[in-house]
Amino acid sequence: MKHRIVVLGAGYAGAHVAGALARRLSAEDIEITVVNAQTDFVQRLRLHQLAAGQQIEAPSLADVFAGTGVRLRPARVTAVDPERRVVAVADADGGGELGYDTLVYALGSHVADHGVPGVAEHAFDVAGRPSALRLRERLDRLGRRGEGGNVVVVGDGLTGIETATEIAESRPGLSVTLVARGELAARLSGGARRHLRQACERLGVTVKEHAGVEAVEEARVLCADGTVLASDATVWTAGFAVSPIAAIGGLEVTEDGRIVVDRTMRSVSHPHVYAVGDSVHAVGDNGLPLPMSCASAGYTGMQATAAIVARLTGGKISNIKLEYLANHISLGRRDGILQPVDDAAQAKPKYMGGRKAARVKAAILRGSLWATSHPTFGLPKRRRRLAAAPDASAVNRVAA
């Protein structure tokens, strides 16, 4: 009987892991199934561009996995039972259960409303393709109205900054306000913060700092200091959260629901489960948790792949570097910021800004899409057979 590997989620991390495992392990010994709610690959890092009105490529996952032997199951994951080793899914036919021997959990994250009243009912977001398209339709309606409109972006993290500047550049007829809980982009270096402020001034983005949001209504945002912001479209970018599926299923998770793993991305409570991407609480080489990011998805995905291949074939597990080197921020299509960080994840004094930084960010996005669309490129062509019965020493041996 073949070893069944099920990958939950086909974002940057899940798609990479599935393709890499298919290339490195013999099809005579394994079968790989990817469960994903959508049939296309979503470039999540570019959803703010999609919302602003630009065309963003969305490759078919069937094409992505063509020729790899990976089976695609378009369905929504509803539950995980690590004791029975099954996953419950829902689809147009009603769904069912999938059994597995090894599970790769890569369900990603969604917007966190932090319990603020009105966010779920009235706010838009760019955390998923459907929600980004919903915001795009709203902005289109405001444009057709011919009277302009007010867009309020809540949250000055990377997503909020990119969303506010992208909308302001693509839709100059709209008034855009960016709401920051503290100082705007406080985690950037002084020079990068100045560059960001200049970009906001150039694009006409109004910045409101030191403003906690207490409620979101249909046509306005209520701030803790009593300020009321008129809003025809409120975009919520104030943080992300993961699905409760892992916690409900009994996997050991952190307070925020991310799966606790060892150095190889294997669950500390259920060793047949691996977690990658935003779903995992992985400690980097600097001793700090890796942030939710595309870069982290790449590192955790490569480490999980190396561990799964080694354990199934009786080999030695390689340690993949787990590091976070920089923040890359687009400020529309012609401007950007590249902010290096140190081992403590603090901004270094120097940064790159302007068109060159924008080109670097664009190149990273193109590279990420190409790598995801060609999941087996550059991997060893030799497909390894599974060990008949790897002993405990082989399973747990990790390269120094």
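Atoms considered below: every heavy atom in the structure, side chains included; atoms not considered: hydrogens, waters and symmetry mates.
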For a 4.5 angstrom cut-off between non-hydrogen side-chain atoms, does [X] reach [Y]?
X: Val261; Y: Tyr274; answer: no
X: Ile329; Y: Leu188; answer: yes
X: Asp29; Y: Leu312; answer: no
X: Tyr324; Y: Leu288; answer: no
X: Glu97; Y: Asp81; answer: no
X: Val283; Y: Leu322; answer: no
X: Tyr100; Y: Pro82; answer: yes
X: Arg73; Y: Asp91; answer: yes

Between [X] (side chain) and [Y] (backbone), is there a donor-acceptor pair under 3.5 Å?
X: Asp93; Y: Gly95; result: no
X: Asp262; Y: Val268; result: no
X: Ser296; Y: Pro291; result: yes
X: Thr68; Y: Gly19; result: no
X: Asn150; Y: Asp232; result: no
X: Asp342; Y: Lys348; result: no
X: Glu214; Y: Leu222; result: no
X: Arg333; Y: Ala358; result: no
X: Ser330; Y: Gly332; result: no
X: Arg334; Y: Arg355; result: no

Over 12 foreign heavy atoms within 6.0 Å of [atom1], [X]:
X: Asp343; atom1: CG; answer: no
X: Arg187; atom1: CZ; answer: no
X: Lys2; atom1: NZ; answer: yes
X: Glu218; atom1: CD; answer: no
X: Arg4; atom1: CZ; answer: yes
X: Arg145; atom1: CZ; answer: yes

From [X] atom [atom1] to [Y] atom [atom2], the distance as rounded to the nearest 0.5 Å:
X: Ile320; Y: Thr305; atom1: CD1; atom2: OG1; value: 8.5 Å
X: Ile337; Y: Met352; atom1: CD1; atom2: CE; value: 12.0 Å
X: Leu369; Y: Ile364; atom1: CG; atom2: CD1; value: 14.0 Å
X: His48; Y: Leu135; atom1: NE2; atom2: CG; value: 12.0 Å
X: Lys321; Y: Tyr299; atom1: NZ; atom2: OH; value: 8.5 Å
X: Gln303; Y: Ile308; atom1: CD; atom2: CD1; value: 10.5 Å

Under the side chain to side chain contact (heavy atoms under 4.5 Å, CB included) test against [X], which residue among [options] passes?
X: Leu61; options: Val34, Val70, Thr39, Leu72; result: Leu72
X: Val235; options: Thr159, Asp125, Leu139, Val151; result: Val151
X: Val179; options: Val221, Leu229, Thr227; result: Leu229

Hey, are [Y] and [X] close enough side-chain-wise for a donor-acceptor pair under 3.5 Å?
X: His281; Y: Asp256; value: no
X: Thr234; Y: His122; value: no
X: Gln49; Y: Gln43; value: no
X: Ser368; Y: Arg44; value: no
X: Thr313; Y: Arg24; value: no
X: Ser267; Y: Glu252; value: no

Can you name the closest pair of heavy atoms from [X] and [Y] and give their distance?
X: Ser279; Y: Gly108; value: OG-N, 3.0 Å
X: Cys223; Y: Ala211; value: SG-CB, 4.4 Å
X: Ser318; Y: Ala306; value: O-CB, 4.2 Å
X: Ile161; Y: Ala185; value: CD1-CB, 4.0 Å
X: Ile32; Y: Val7; value: CG2-CG2, 4.4 Å
X: Pro59; Y: Ser373; value: CG-OG, 3.7 Å

If you measure from the Lys or Arg side-chain nitrogens to the Asp or Glu carboxylate oxygens, is any gap between [X] and [Y] under 4.0 Å?
X: Glu209; Y: Arg197; result: yes
X: Arg171; Y: Asp140; result: yes
X: Lys361; Y: Asp335; result: no

Practice item. Decide side chain to side chain contact (heavy atoms under 4.5 Å, CB included) for Arg129 and Leu133; before the verdict, give the C-alpha distance in whole Å, the side-chain angles of both, and the deciding distance to 0.1 Å. Key: CA-CA 6 Å; Arg129 185 177 176 84; Leu133 288 173; 4.1 Å; yes

Exercise for review: Could you check whether the rings of His272 and His270 sit parallel, tilted or perpendicular, using 30° and 60° as the cut-offs?
Suggested key: perpendicular

Practice item. Measure the acute angle between the ring planes of His114 and Trp236, then classify it against the limits of 30° and 60° as parallel, tilted or perpendicular. Key: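 Rings of His114 and Trp236: tilted, 30 to 60°.
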
Practice item. List the steps and the verdict of side chain to side chain contact (heavy atoms under 4.5 Å, CB included) for Tyr105 and Val80. Key: CA-CA 10 Å; Tyr105 191 106; Val80 172; 4.2 Å; yes

Point to revise | Worked verdict on Leu8 versus Val87 for side chain to side chain contact (heavy atoms under 4.5 Å, CB included) | key: CA-CA 9 Å; Leu8 305 182; Val87 175; 3.9 Å; yes

Is [Y] reachable from [X] through a run of I, L, V, M, F, W or Y residues, each pair having side-chain heavy atoms under 4.5 Å apart?
X: Val213; Y: Val126; value: no
X: Ile56; Y: Phe41; value: no
X: Leu47; Y: Leu45; value: no

Point to revise | side chain to side chain contact (heavy atoms under 4.5 Å, CB included) between Ile259 and Arg266, worked out | key: CA-CA 9 Å; Ile259 298 174; Arg266 183 169 65 169; over 6 Å; no

